[in-house]
Amino acid sequence: IREESVGDRNVPVFIDHNPAAKGRILIFCDSYSEEWRRLIAHHFNESIFIWDHQMNTKTILQYKPDIVLQENSEIYLIYLFDQLILDKDA
């Protein structure tokens with residue numbers, strides 16, 4: 001576990017490795033991911049879990065994943081909608 005700067009704040013980052021698997025997955029997640037983290041890590045060479053409710057393009061480009069997934073509780077959907085509105089107005 002380490003802290004990583006994502007946007008304007010630091011968030012926890014968990015990275016799991018499985019040498020027997022292929023591919024890299026990047027998951028923006030919350031506490032619900034704890035239950036299935038080992039399951040995901042079993043299927044990918046590198047599984048990167050970023051405990052954040054907002055996707056960050058810079059982070060995606062930094063890790064260059066094969067798959068990007070966002071998993072959050074419904075309570076965080078407001079942040080997604082706010083970001084879509086801000087992007088549309090820009």
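Values in this document were obtained by computation on a predicted structure and should not be read as measured data.
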Which residue pairs pass the salt bridge (charged side-chain N to carboxylate O under 4.0 Å, His left out) test when at least one of the two sits in residues 55-64, sequence neighbours left out? none
How about His42: does its NE2 atom have over 12 heavy atoms from other parts shown lying under 6.0 Å from it? no
Any side-chain heavy-atom pair of [X] and [Y] under 4.5 Å:
X     : Y     : answer
Glu71 : Asp30 : yes
Phe44 : Asp66 : no
Ile60 : Phe28 : yes

Measuring from Asn18:CG to Arg38:CZ, what's the distance to the nearest 0.5 Å? 14.0 Å
Matching residue for Ile27 among Ile40, Val68, Ile48 - test: side-chain contact (heavy atoms from CB on, under 4.5 Å): Ile40
Across all chains, not counting sequence neighbours, the side chain to side chain contact (heavy atoms under 4.5 Å, CB included) partners of His43 are Leu39
Return the set of residues passing side chain to side chain contact (heavy atoms under 4.5 Å, CB included) with Asp16 (not counting sequence neighbours), or none when no residue passes. Arg37, Ala41, Ser47, Phe49
Shortest non-hydrogen contact between Leu26 and Thr59, atoms and distance: CD2-O, 4.2 Å
